[in-house]
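Below is one structure; the comments refer to it alone.
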Amino acid sequence: MTLTGRAALLAALGSLPVGIWEPSWTGILAVNAPLAVACACDFALAAPVRRLGLTRSGDTSVRLGDTADVTLTITNPSRRPLRARLRDAWPPSAWQPGMETAASRHRLTVPAGERRRVTTRLRPTRRGDRQADRITIRSYGPLGLFSRQGTHKAPWTVRVLPPFTSRKHLPSKLARLRELDGRTSLLTRGEGTEFDSLREYVPGDDTRSIDWRATARQSAVAVRTWRPERDRHILLVLDTGRTSAGRVGDAPRLDASMDAALLLAALASRAGDRVDLLAYDRKVRALVQGRTAGDVLPSLVNAMATLEPELVETNARGLTATALRTSPRRSLIVLLTSLDAAPVEEGLLPVLSQLTQRHTVLLASVADPHITEMAKARGNVDAVYEAAAAAQAQSERHRTAEQLRRHGVTVVDATPDDLAPALADAYLALKAAGRL
């Protein structure tokens with residue numbers, strides 16, 4: 001019944017003839033009795049809420065920024081039709097601001113003994129597991145005067161995965177990888193390259209690549225071609241300590257580091273290398289090992305989904321010891337951490353030699369683009385002071401990077417948008433130089 005219909009009914013019930021209006025109990029009861037009877041009947045005819053059956057189905061994972069549909073099936077076992085309003089409650093971060101009211105509330109009618117489905121569309125704003133809360137159902141009678149209300153639990157979890165926005169760079173990086181992989185001529189030779197094939201000498205080839213034995217067996221001069229070695233081991237180390245919690249733009253540094261790690265993992269697995277992941281601050285937060293090339297990326301995405309920065313100082317000695325245990329053989333260790341002077345000089349530098357003696361080390365750090373903008377600012381006194389502060393911060397960062405390079409570490413320092421492709425380029429450069 002519509003709101004207008006209910007109002008007309010109440011007006012009709014209130015205007016029943018009761019003789020002369022006098023402030024007597026008899027008059028009051030005469031007027032309210034029909035209304036009370038109508039309300040009681042309406043309440044009695046409302047379908048019971050507690051006996052309803054509720055089950056869920058739908059998406060169990062979604063990338064951050066995409067939508068997930070979770071379907072709720074309501075079964076009405078009673079003999080009365082269910083006319084209801086339903087609220088499917090989820091955490092606030094399950095929706096964009098302003099979407100919760102429209103997305104979580106539903107109207108439905110379920111005939112006696114039948115079932116109906118409603119779909120709640122989620123659009124999460126944070127990574128991690130989002131768990132369904134209570135389902136509140138308000139069942140109305142045919143007149144809409146009275147209702148029954150109750151709550152149910154129908155557990156469901158949607159895991160919000162990292163968005164992996166840097167995957168747009170993967171085709172161009174794979175094209176460069178194919179060049180290094182021997183699909184086009186490779187003239188660079190290094191200690192980490194493998195012999196690929198022989199071909200005829202052309203002017204401009206490196207004379208050191210001439211195979212004199214093969215040349216002696218044929219009439220033409222033969223040169224060797226080389227390709228980067230496969231089956232190298234790469235350990236991605238995510239620093240989840242307090243420095244990873246610093247926000248650059250709209251997201252923590254940890255999110256930019258994870259995006260860069262995913263692009264590198266996708267590229268390295270296509271190159272035939274083995275990729276593992278270690279997330280650490282004062283203890284291991286995530287560890288992914290021994291995955292096949294086809295399974296490594298889904299495993300990394302799933303492990304990263306629940307990672308959050310911890311507001312503690314990273315234990316560099318513990319991180320180094322854990323990395324060495326995880327990679328007993330020579331590997332490429334990619335440290336995704338901060339370039340702030342204090343954590344590096346007091347924590348990482350004293351133990352860095354333990355890593356560089358056995359492994360090739362590449363350090364990638366997220367730079368703040370706002371610092372670059374501040375360094376260019378001019379026009380008033382405040383802007384000049386800001387530019388001076390930014391220049392000092394950049395100078396300290398460059399000095400820290402140079403210290404790491406003197407210890408044999410390859411350093412990549414880039415803004416969130418540029419970090420992933422820059423890290424992939426550094427990996428390809430190391431592979432081309434034969435340092436893997």
Side-chain angles (χ1 to χ4, degrees), residues 59-68 124 126-130 157-178 180-181 228-240 244 251-280 284-308 323 326-327 331-337 362 364 366 412 414 416-428 430-431 436:
D59 296 329
T60 56
S61 64
V62 61
R63 289 194 183 276
L64 184 64
D66 293 341
T67 58
R126 292 179 55 191
R127 289 181 295 99
D129 291 338
R130 299 291 168 264
T157 301
V158 175
R159 174 157 289 189
V160 186
L161 307 173
F164 192 16
T165 56
S166 63
R167 62 181 178 274
K168 63 186 177 184
H169 299 289
L170 189 57
S172 62
K173 304 308 175 186
L174 289 175
R176 287 194 57 194
L177 177 65
R178 284 192 290 270
L180 298 179
D181 200 28
E229 292 186 28
R230 288 180 172 269
D231 199 30
R232 301 295 91 186
H233 180 242
I234 299 173
L235 177 63
L236 303 172
V237 182
L238 280 174
D239 180 357
T240 56
S244 67
R253 281 187 167 90
L254 180 60
D255 286 27
S257 296
M258 290 192 299
D259 193 53
L262 289 174
L263 179 63
L264 179 57
L267 181 62
S269 61
R270 295 286 289 271
D273 294 334
R274 293 174 291 111
V275 182
D276 293 340
L277 170 71
L278 169 66
Y280 191 95
V284 176
R285 301 292 178 178
L287 181 62
V288 178
Q289 285 183 290
R291 298 296 194 271
T292 61
D295 188 47
V296 64
L297 198 60
S299 298
L300 294 183
V301 169
N302 192 57
M304 290 177 181
T306 56
L307 286 178
E308 295 292 344
T326 306
S327 302
S331 309
L332 171 63
I333 295 183
V334 181
L335 292 174
L336 294 123
T337 185
L362 193 162
V366 183
V412 175
D417 292 339
D418 298 331
L419 182 65
L423 181 59
D425 289 340
Y427 162 78
L428 292 172
L430 289 173
K431 209 167 185 61
L436 298 186

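What's counted below: heavy atoms across the whole structure, side chains too, no hydrogens, waters or symmetry copies.
Contact annotation: the side chain of R126 approaches that of E308 to within less than 4.5 Å [non-hydrogen atoms, C-beta and beyond]. Residues D59 and V158 form no side-chain contact, since every pair of their non-hydrogen atoms from C-beta on lies 4.5 Å or further apart. Side chains of D255 and P252 form a contact here, defined as non-hydrogen atoms less than 4.5 Å apart. Here the side chains of L263 and L423 are not in contact, with every heavy-atom distance at 4.5 Å or above. A heavy-atom distance below 4.5 Å is found between the side chains of N302 and R159. Under the 4.5 Å side-chain criterion, counting only non-hydrogen atoms from C-beta, T67 is not in contact with V62. Counting heavy atoms from C-beta outward, H233 and D276 have side chains that approach closer than 4.5 Å.
Interatomic distance, Q289 CD to R274 CZ, rounded to the nearest 0.5 Å: 10.5 Å. Interatomic distance, L428 CG to R176 CZ, rounded to the nearest 0.5 Å: 5.0 Å. The distance from the CG atom of L170 to the CG atom of L262 is 11.0 Å, given to the nearest 0.5 Å. To the nearest 0.5 Å, the span separating OG on S257 from CG on L335 amounts to 11.0 Å. Within the model, atoms CE of M258 and OG1 of T240 stand 10.5 Å from one another, a figure rounded to the nearest 0.5 Å. Atom CZ of R270 is separated from atom CG of L177 by 8.5 Å, given to the nearest 0.5 angstrom.
R63 places a side-chain N or O within 3.5 Å of a backbone atom of P162 that can act as its donor or acceptor partner. The backbone N or O of T165 lies less than 3.5 Å from a partner atom in the side chain of D259, making a donor-acceptor pair.
Minimum heavy-atom separation, R127 to A305: NH1-O, 3.1 Å. Of all heavy-atom pairs between L419 and A256, the closest is CD2-O, 4.1 Å. Heavy atoms only, all atoms of each residue included: A414 and A422 are closest at CB-CB, 4.4 Å. Residue D417 comes nearest to H169 through the heavy atom pair O-NE2, 4.5 Å, listed as atom of the first residue, atom of the second, then distance. Across all non-hydrogen atoms, the minimal contact from M304 to L238 is CE-CD1, 4.1 Å. Across D273 and Y427, no two heavy atoms sit closer than the pair OD2-OH, 2.5 Å.
Residues satisfying the salt bridge (charged side-chain N to carboxylate O under 4.0 Å, His left out) test with D295, not counting sequence neighbours, are R291. D239 is linked by a side chain to side chain contact (heavy atoms under 4.5 Å, CB included) to T243, T314, T337, counting only residues two or more places apart in sequence or in another chain.
With respect to I333, the side chain to side chain contact (heavy atoms under 4.5 Å, CB included) criterion is satisfied by exactly one of V237, L362, L278, T326: V237.
In this model, no donor atom of one side chain and acceptor atom of the other lie less than 3.5 Å apart for T157 and D129.
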